[in-house]
Each structure stands twice: as structure tokens, then as C-alpha cells.
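Right, one structure below, let's go through it.
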Amino acid sequence: MQKTVLIIGASHGGVTCAFALRKEGWTGKIVLLDADPELPYHRPPLSKTYLTDPEDADRKLLQTAESYGIADIDLRLGETVASINRRAKDVTLKTGEKITYDKLVLAVGARPLLPPLPGLSAHNNVFPMRSAADASDIRKALKDSENKQVVIIGGGYIGLETAASLHKAGAKVTVLERESRLLARVTTEVMSDFFQKLHSENGVDILTEKNVTAIENGQIKCADGSIYLADLVVVGVGIRVNVELAQAAGLNIENGIKVNAAAQTNDPDIYAVGDCTFHHNVHYDRFLRLESVQNAVDQAKVAAASICEKERVYDAIPWFWSDQYDVKLQIVGLSEGHTEAIVRTEADKVNCFSVWYFSGEKLLAVDAVNNGKAFVLGTKFIKGGQRIDKAKLANADEPFKPANLLKVSDT
Amino acid sequence: MKKITFITTDNETVTLEGSSGSVMELAVANNIKGIEGNCGGVCSCATCHVHVAPEFMKQVGKPGEIENDMLEFDDNVNEYSRLCCQINVADAPDGLVLKVAGEE
Ligand SMILES: Cc1cc2nc3c(=O)[nH]c(=O)nc-3n(C[C@H](O)[C@H](O)[C@H](O)COP(=O)(O)OP(=O)(O)OC[C@H]3O[C@@H](n4cnc5c(N)ncnc54)[C@H](O)[C@@H]3O)c2cc1C
Ligand code: FES
């Protein structure tokens, strides 16, 4: 009997896993399921170029329609898994159909968090930003709206990218952030200040300490009594991990589906990858959950190798990017817990700088703004664990070359 | 239709045909080993690094500024390096030969 790997979720994690299984030599069946009816696509462009592209622009597909057939992957779209039976080793779809598996991969990701605000569900021009359908709804609502007045609730990366893109597409955009600074949950003050300024300069209103309490007839009401008008509202206040299937099946859950270094859950026949996992990171020696393409892709490859009985551990250094206006932010590593941040500004270019986060001598992370060199060097230095000459790093007159930036004993 | 040949790090040679999109997309659609295109083609990941066969370098052209920044300190960079998400199939010379960058 041919063995079956069943993958739930056909996005960055699930699709990568399916193709990686073939690369690792899996000859059995691969069934790849997703509730989303769309051919699997890249999510990052949804809040970026997709909103500014001409209306008929294609989505960026993860793989062409033919690729699945060529790799003998049974892609079944528009199918929702309702439950997992670990004893029988099968899953039941919403339609009642059962599919058995030998190995199961949960690449179920996350869904947008919709806060329990009065008016939020009833108001028909309020959209989350997670799926291709969300992005096309937003694009259409903007086109149909008279005043093109947009309010974005939440100043995280997705909210800010959406703000920049909709502004470019002709909207008047206001961002309402509950915290005292943008990106408060994910980055440092230097970066928050930079993005606040960038958006203001581009004509997007960024308002902090705005706790939205209700949405009524196109009016967005805040706790401080202020009211904002919008014909279209985008909610970007974070996500909820899709843990319910795993939880109901009795898998260990802890801020996500808990997996080991091989991306395996506490059931040796069930793996989990991507946004839905709570996993250990060896470089930072702590458990974490990440929301990034890198994490989904790299963990998916580890899971595929493990399923093919190859020993592989997940030891990638996290990286991430965000594009807003003409600014490309690239992040490598995790800055949390840093004791020192060194800003290096390249003299000859506008908006070109990098922030280097250290804990003592150890480089933890780099935020690189329009500075691919800093991103690549930061990646190298974090991987190599070399010690950096901080005085030289901070001095923009010092050439930006690896040999020059490392402590002499480490070069 | 353009013919583009990829030589992978295992020295496998694959010739593909395409007419639109980026060279990275063509490679990913055909599972070329070593070309991942993780960022979807926006110069953010460098998982699409190739070495252009020298005789085609002039026609393909040098990397742009952002691309160059991503390549300069890459372990496998040389004077023929390009990120192939930045090369359009339509603009590529017919018969182009690309070597996937990486450890041999
Ligand atoms: C607008 C936007 C912009 C982003 N920009 C960036 C960026 O610039 N850089 C970056 O690194 N990351 C970015 N991200 C994050 C990145 O897209 C995610 O980290 C990535 O998609 C995670 O992939 P995943 O496969 O783990 O999960 P997901 O992409 O969440 O996919 C999970 C899939 O599982 C399916 N599913 C869930 N439950 C079931 C079920 N019961 N039955 C069937 N199917 C199910 C869902 O339909 C979904 O398609 C962005 C995300 C968004 C939304
Ligand atoms: S695909 Fe990411 S840089 Fe080319």
C-alpha cells in the first residue's frame, strides 16, 4: 500500500512542504488541502504591490497550476478539515468525507484577530487583511467609495503597508494605533519613530493612543471621544493561531502548536510548520512563535526531511522584510532582550541606515533600512558569532566591509 | 518563447521555455534546485542567486543598486552574479545559460 502524507493548509508552509517532500524522495501520495479556494499565492504582496497594481494584475502564485500535477501533488482547494482522529489516523472534512494519513502536517497558520467591537461585524465596509479575498475586497471597496477615506485600525507591519499602498492607490488614509507608538509589539523606538515620520511625510495620518471602541455608520469612535470618518476600514490588530484542530485532537498547545526541532508534535506521526507553531530557537535559546515566510518555508523543509527519515533540525536565523513607499526594511535575528542598539547611518544616501542590536558582545539582530548590505552582513555575523568593533560600526566614515567591522582577533 | 538553461549545483542541466514573468518564476515553476524565490521576487531574500554565463553577461546587464547590495557580501558572489527575480524572461537573450549559485 502506498503511504500518504496529508497536509492541511496550502500556503507558504504547506506548499513548500509538499514540494520539499518530492525533493527529499517521498514516493507515496501527497494530499494538500486548503479551505481557501484560490490557487496558493504569496501573502506578502497582498498588502504591498497587489493593492497598487492595475486591477487585473495577477496574484503572485506560489507555484503554477501545472506544477502540482507534475510533482504528483493532489491539491484540493475549498476543502475545510473539521477534525482529526489520531487513533484511526484520518481527518474528516466539513463535507463528511474522511481521508486517511500515514503522516499528517499541520500548516494551518493563523487568522486575523477581529476585536469584539460594536459595529465591527455589521459594518459591511470593515475588512481584515489576510487572504487574497480580503485584498480584492479592499481594492474593490476603495474603487467604489466616493470619498476614498480609509481608516486603518492597528499600526503593525500589515496595517502600515496597507496604509502606504492605499495611499498610493489614491486614498486618504488615517492609521489609528492603540499604543503610544507604531509597531510597539514588534520593534524598537528608533524604528517606530522612523516609520511614524515616513508616513507623515508621505501624507498618511498616524495617530497613536487611539483606542477604537465602536464603529457606527462610517464613524470610528475612540475611547478619548474622538471620531474619524471612513468609507472603508481595514483592521490589522494581529492574528489568532489556528490551534483548534490540534487542540481538539489532544496535541500539546502552548502559544501555538508545540513542536520539536524536527517540526514534530507530541504525536510522532503529526508535524506542524509555520505561523501555527511554538518552537525552540537554538540561536536565542527560547521558545517562540514567528509570523514570517522564512519560518514557514524553513520549517516546512525540515518537516519534509524528517518525514523522509532524514535527520534535520530547524536552526534557521529568523528574517523578515517589509516594503512601504520606497523603503525596504529587512530584519535579521530577534532584537528582544537587547542591551544596546547602535545606529549606523550611511552618509551618502537618503533613508539608508541600520540598527544593530547587541546583548553585551553578542549581536542579536539587525534592522536594515534600504540597506541590503547591512542585512547580508548582519546575517553573516549572527551566523558566525563573530565580535564586532562597535565604535567602527557606529562611525559612518568607516568602510562598511566585514574585515573592517570585526574585532581584529575574530577576522 | 525563450529558451533558458539552468545548471544546478549538482551539475544537472535543465533547459526551459518561457515567454513572460521573471526568470525566478520560471525556475520555481519547474522545481530548479537551489532557486527558491522566497520573497516572491522583491530583492529581499537572495534565494534566487545565479551566475550568468560570461558570454551572456553583457546582454543580461549588471545588477541594479538594491540587487547589488544584496549580492556584494554573499558567499558565492562573483562578477557574473544576478538575482534572477530581477531578470525578465521577455528581456532575456534566447539561449541564456545560468548557473545556480551555491556550494558545489
Ligand atoms: C498581508 C500580509 C503581508 C505579509 N507580509 C509579510 C512579509 O513582508 N514578510 C514576511 O516574511 N511575512 C509576511 N507576512 C506573513 C506571512 O505571510 C506568513 O507568515 C505566512 O503566510 C505563514 O504561512 P503558513 O503556511 O504558516 O500559514 P498561512 O499563510 O496562514 O496559511 C495557512 C493556511 O491553512 C488554511 N487552513 C487553516 N485551517 C484549515 C482547515 N481546518 N482546513 C483547511 N485549510 C485550513 C488556511 O486557509 C490558510 O490558507 C504577511 C502576511 C500578511 C497577511
Ligand atoms: S526572489 Fe527574493 S531576492 Fe529574488
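These numbers were taken from a predicted model, which means no experiment stands behind them. In the text below, chain A, chain B and the rest are named by the order of the sequence lines, each starting its count at 1.
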Output the distance between atom [atom1] ([X]) and atom [atom2] ([Y]), rounded to the nearest 0.5 Å.
X        : Y       : atom1 : atom2 : result
B:Asn31  : A:Arg22 : CG    : CZ    : 10.5 Å
A:Gln294 : B:Cys45 : CD    : SG    : 11.0 Å
B:Glu36  : A:Thr16 : CD    : OG1   : 8.0 Å

Atom [atom1] of [X]: over 12 foreign heavy atoms under 6.0 Å:
X       : atom1 : result
A:Lys23 : NZ    : yes
A:Lys60 : NZ    : no
B:Lys33 : NZ    : no

Of the non-hydrogen atoms in [X] and [Y], which two are nearest, and what is the gap between them?
X        : Y        : value
B:Phe73  : A:Phe400 : CZ-O, 3.1 Å
A:Lys349 : B:Asp69  : NZ-OD2, 4.0 Å
B:Ala29  : A:Ser67  : O-OG, 3.3 Å
A:Val293 : B:Asn38  : CG1-O, 3.5 Å

- prompt: If you tally heavy-atom pairs under 4.5 Å against chain A, which of B:Asp74, B:Val42, B:Asn30 wins?
  reply: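 Of the candidates given, the most pairs with chain A belong to B:Val42.
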
query: When only pairs under 4.5 Å are counted, which of B:Ala46, B:Gly21, B:Gly37, B:Cys43 shares the most heavy-atom pairs with chain A?
result: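 Top count of heavy-atom pairs under 4.5 Å with chain A: B:Cys43.
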
Taking [Y]'s backbone N and O only, do any of them form a donor-acceptor pair with [X]'s side chain (distance below 3.5 Å, no angle check)?
X        : Y        : answer
A:Lys328 : B:Ile66  : no
B:Ser44  : A:Trp321 : no
B:Glu72  : A:Lys373 : no

Interface moiety of B:Glu67 toward chain A, non-hydrogen atoms closer than 4.5 Å: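 Interface part for B:Glu67: neither.
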
Contacting moiety of B:Asn68, where chain A heavy atoms sit under 4.5 Å: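 Interface part for B:Asn68: neither.
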
Run the side-chain donor-acceptor check on residues 88-95 of chain B: report pairs under 3.5 Å with partners two or more places apart or on a different chain.
unit_1	atom_1	unit_2	atom_2	d
B:Asn88	ND2	B:Asp91	OD2	3.4
B:Asp94	OD1	B:Lys3	N	2.7

field: Any A:Lys380 side-chain heavy atom under 4.5 Å of B:Asp75 side chain
entry: yes

field: Side chain / backbone / both / neither for A:Leu62 at chain B, heavy atoms under 4.5 Å
entry: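 For A:Leu62, the backbone is the part near chain B, not the side chain.
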
field: Region of A:Lys48 in contact with chain B, defined by heavy-atom distances below 4.5 Å
entry: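 When you check distances to chain B, no heavy atom of A:Lys48 falls under 4.5 Å.
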
